[in-house]
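The structure appears below as C-alpha cells.
As the structure is a prediction and not an experimental result, all values here were calculated from the model. Numbering starts at 1 and runs along the sequence shown. Whatever order the structure lists ligands and atoms in, that order sets their numbers, starting from 1.
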Amino acid sequence: MTDYNKPARVRFAPSPTGHMHLGGARTALYNYLFARRTGGKFILRIEDTDQKRYVPEAEQEILDGLNWLGLELDEGPGVGGDYGPYRQTERREAYREHAQLLVDKGYAFPCFCTPERLARVREEQQRKKENPHYDGTCRKLGPDEAARRAANGEKYVIRFKVPKDGSTTAHDLLRGDIVIENRNVDDYVILKSDGLPTYHLAAMVDDHLMQITHVIRGLEWQSTFPLHVMIIRAFGWEEPVWVHLSVFRKPEGKGKMSKRDTSEAAKGDHSIFIKDLKELGYIPEGILNWIALMGWGVPEDDVMTLDQMVERFELDKLTASPAAINFQKLDHFNGTHIRLLPDPELAARIKPFFVEAGYSVKDDVLIKIVPLIRERLVTLDDCIPFAGFFFKDVVEPNPDELIAKGLDAKRSAAIARKTYEILSALPDLTHQTTEPPMRAYVEQSGLSANQVFGILRVATTGQKVSPPLFESVEIIGKEKSLERLKKAIEILEGM
Ligand code: GLU
C-alpha cells in the first residue's frame with residue numbers, strides 16, 4: 001500500500017517531439033496529484049536525446065501547457081532544483097560514465113556492428129519468421145579487441161548484455177508481477193554511436209540520480225519494463241515503485257469539437273492536443289477533471305477542482321484497463337466548470353476570444369453580460385455567436401427572422417413600431433422598467449409574448465436566440481436599442 005505521508009519525488013518526462021496531447025497531460029496530472037498528495041516534488045525532465053525526432057518548439061509548448069493547466073513544477077528546466085540539469089542532452093557525461101560502468105561490470109558491451117550488417121541479420125530473421133533481435137556477435141569480443149577497434153575509430157554503440165537464461169520479474173503497482181523469460185529480451189542499445197543514450201539508460205540513470213520514488217508513465221513502456229528493471233539491478237540501485245497507466249482508446253462520441261475548425265495538428269474532427277483544446281475554448285478545470293477520471297477509479301461524473309483531486313488522489317486506485325476518450329464528457333465537464341467560475345474570472349477568460357474575433361471589448365459591459373451567458377457556454381468561444389452583438393455598433397438581423405411567427409411583415413412592423421413607442425417613452429431601459437409595459441402590451445394586444453418579444457429580440461440582438469431579452473436591452477442601452485428597433489421597422493416596412 002502506498003504511504004501518502006511520505007513525500008514522493010515524481011517526474012513527468014516527455015520527449016519534445018511534438019504537441020502535448022491528452023495522454024501526456026494525464027500522465028503529468030497524475031504525477032502532480034501524487035506529488036501534492038504526499039507533500040512531495042513534481043519534476044519536469046525533458047528527454048531530448050532522440051535528435052531525429054526533436055522538435056525545437058516542443059519544450060516550450062510543454063512548459064506552456066503545464067503552466068496553463070495549472071500543474072506547477074517544483075523542479076525542471078527554467079525552474080531549477082538540486083538535481084539538474086533537467087534536460088537530458090545536458091547530462092551526456094552522466095550517461096557515458098554509467099554506460100561505461102556497466103561495461104566494466106560485465107553488464108554491457110560495445111557493439112561495432114554496422115547498420116548494414118544489422119539490417120541483413122534482421123532480414124534473415126524475418127525470413128526465418130523469428131522475432132528481430134541482436135544476434136550477439138559483439139557479445140563475444142574481448143575487452144582488448146574492443147578497445148583496439150574503438151581506438152581505430154570504428155563506430156560503436158553500447159548494448160545491455162541481457163542474461164541468456166532465467167527470467168526477470170518486474171512489479172507494477174497496478175498490474176502486479178510481470179514475468180519475462182530473459183531469452184526473449186533483446187540486447188538493447190543503451191548508448192548510441194553519437195554518444196547519446198537511449199531512453200532505457202537515460203531514464204534509469206536520471207530516475208536514480210534525481211531520487212525518483214515512483215515512476216508513473218505510459219503503457220508503451222511496459223514491453224521494455226523488464227529491461228529497465230534489469231538495468232537498475234545491474235547498477236545495484238533501489239527500484240522506484242512502477243506504475244504503467246492505462247491507454248486511451250480511440251475517441252467515441254463526437255462532442256462539441258466535431259463542428260469546429262481545429263488547428264493543423266488536429267486529427268480528424270476533434271483534437272487530442274492541449275493547445276488546440278485551449279484555442280477551442282476549453283478551460284483547464286474542465287480538461288483536468290475529464291482526463292483525471294479516465295483511468296482513476298472514482299465515479300465518472302465527479303466534479304472536482306484540482307485541489308479536490310489532490311485531496312482525494314490515490315495511486316492505488318488508478319485503473320489498468322483502457323479508458324475511452326469521450327469528447328461529450330469533455331463538453332459536460334467544461335460547461336460545468338465554466339459555471340463554477342466567479343464573474344470576474346469568467347469575464348477575463350472570455351475576453352481574449354472576443355478580442356481575437358475582432359471585437360473591441362468594454363470591460364464594464366463584459367462584466368455585465370457574464371451572468372447572462374454563463375449557463376449557455378460549453379466552451380468559452382461560445383460567447384462569440386451568443387453575445388458578440390453586445391460589442392457591435394450595428395446588428396444585421398435576417399429580415400425573415402424579424403417577422404413574428406404566424407404574422408406577416410406588415411403586422412410585425414406595426415408591433416415593432418408599438419414597441420418603439422413604449423420603449424422610447426421610458427426614461428431609461430433597465431429590465432425592471434422595460435418588462436412590465438411590454439408584458440402589458442402583450443396582454444392588451446392578444447398577441448403572444450413570443451411574437452412580441454421575438455421581434456424585439458431579433459431587432460436588438462440580431463439573433464433568434466439570445467441571452468435574457470430585457471437584461472440584454474438594458475446592457476445595449478436605450479439609444480442603441482431604439483436605433484436598432486428603428487432599423488428593424490424600416491426593414492419590415494420595406495418588405
Ligand atoms: N520520454 C518518454 C516519453 O515521452 C518518457 C517516459 C517516462 O515517463 O519515463 O514517452
Side-chain angles (χ1 to χ4, degrees), residues 8-35 40-63 65-66 71 73-77 83 85-92 94-95 98 170-175 178 188-192 196-232 237 239-248 272-274 291 295 315 318 320:
R9 288 182 56 81
V10 289
R11 85 295 191 285
F12 174 47
S15 301
T17 52
H19 296 298
M20 185 170 183
H21 54 73
L22 292 176
R26 188 192 56 172
T27 302
L29 173 64
Y30 287 163
N31 275 288
Y32 171 89
L33 293 176
F34 188 57
K41 298 282 184 231
F42 175 54
I43 298 150
L44 176 67
R45 184 170 75 221
I46 297 291
E47 302 205 326
D48 56 351
T49 60
D50 189 345
Q51 302 285 289
K52 284 197 234 62
R53 294 174 61 222
Y54 181 73
V55 176
E57 309 78 45
E59 179 179 326
Q60 193 55 46
E61 191 179 318
I62 291 162
L63 288 168
L66 291 174
L71 305 179
L73 293 166
D74 299 306
E75 297 172 29
Y83 299 83
Y86 294 91
R87 228 177 257 115
Q88 287 187 327
T89 46
E90 293 167 20
R91 304 171 61 83
R92 293 166 202 249
Y95 309 127
H98 282 86
H171 186 80
D172 176 286
L173 184 74
L174 308 179
R175 293 156 205 277
I178 294 165
Y188 280 91
V189 173
I190 57 173
L191 199 76
K192 295 175 285 184
L196 282 169
T198 58
Y199 171 81
H200 313 303
L201 178 70
M204 298 315 113
V205 168
D206 287 345
D207 287 343
H208 172 72
L209 296 178
M210 295 180 180
Q211 297 188 19
I212 299 302
T213 57
H214 297 69
V215 170
I216 304 167
R217 64 181 180 180
L219 192 63
E220 65 269 31
W221 299 107
Q222 189 181 306
S223 59
T224 43
F225 175 29
L227 169 75
H228 302 152
V229 165
M230 285 181 206
I231 292 175
I232 289 180
W237 294 334
E239 270 181 66
V241 174
W242 303 93
V243 183
H244 293 90
L245 299 173
S246 61
V247 281
F248 282 158
I272 55 163
F273 299 118
I274 300 302
I291 57 177
L315 202 54
L318 296 183

Start with the C-alpha gap between Arg45 and Asp207, add the side-chain angles, then the distance that decides, and say whether salt bridge (Lys or Arg N to Asp or Glu O under 4.0 Å) holds.
CA-CA 10 Å; Arg45 184 170 75 221; Asp207 287 343; 2.8 Å; yes
Please find the pair of heavy atoms, one from Tyr95 and one from Pro197, that lie closest to each other, and give the distance.
CD1-CG, 3.2 Å
From the options Ala28, Gly218, Gly24, Ser15, select the one whose nearest heavy atom is closest to atom 3 (C) of ligand 1.
Ser15
Assess Ala13 for proximity to ligand 1: is some non-hydrogen atom of it under 4.0 Å away?
yes
For ligand 1, is any non-hydrogen atom under 4.0 Å from Phe12's backbone (N, CA, C, O), its side chain (CB onward), both, or neither?
neither
Here the atoms of ligand 1 under 4.0 Å from any heavy atom belonging to Arg217 are 7 (C), 8 (O), 9 (O)
Students should be able to answer this: which protein heavy-atom is nearest to atom 9 (O) of ligand 1, and at what distance?
Tyr199 OH, 2.4 Å
Can you sort out which atoms of ligand 1 are near Pro14, meaning under 4.0 Å from one of its heavy atoms?
1 (N), 4 (O)
Tyr199 vs Trp221 aromatic rings, parallel, tilted or perpendicular, using cut-offs 30° and 60°?
parallel
Is the NZ or CZ atom of Arg175 both under 6.0 Å from the centre of the six-membered ring of Phe225 and within 45° of that ring's axis?
no
Nearest neighbour in protein (non-hydrogen) for atom 8 (O) of ligand 1
Arg11 NH1, 2.8 Å
Which residue holds the protein heavy atom closest to atom 1 (N) of ligand 1, what is that atom called, and what is the gap in Å?
Glu47 OE1, 2.6 Å
re atom 6 (C) of ligand 1, the protein heavy-atom contact at minimum distance is Trp221 NE1, 3.2 Å
Working for side-chain contact (heavy atoms from CB on, under 4.5 Å), residues Arg9 and Glu75
CA-CA 10 Å; Arg9 288 182 56 81; Glu75 297 172 29; 2.8 Å; yes
Over all heavy atoms of both residues, which pair between Pro16 and Glu59 is shortest? Give the atoms and the distance, please.
CB-N, 4.0 Å
Side chain of His214, backbone of Ile216: donor and acceptor closer than 3.5 Å?
no
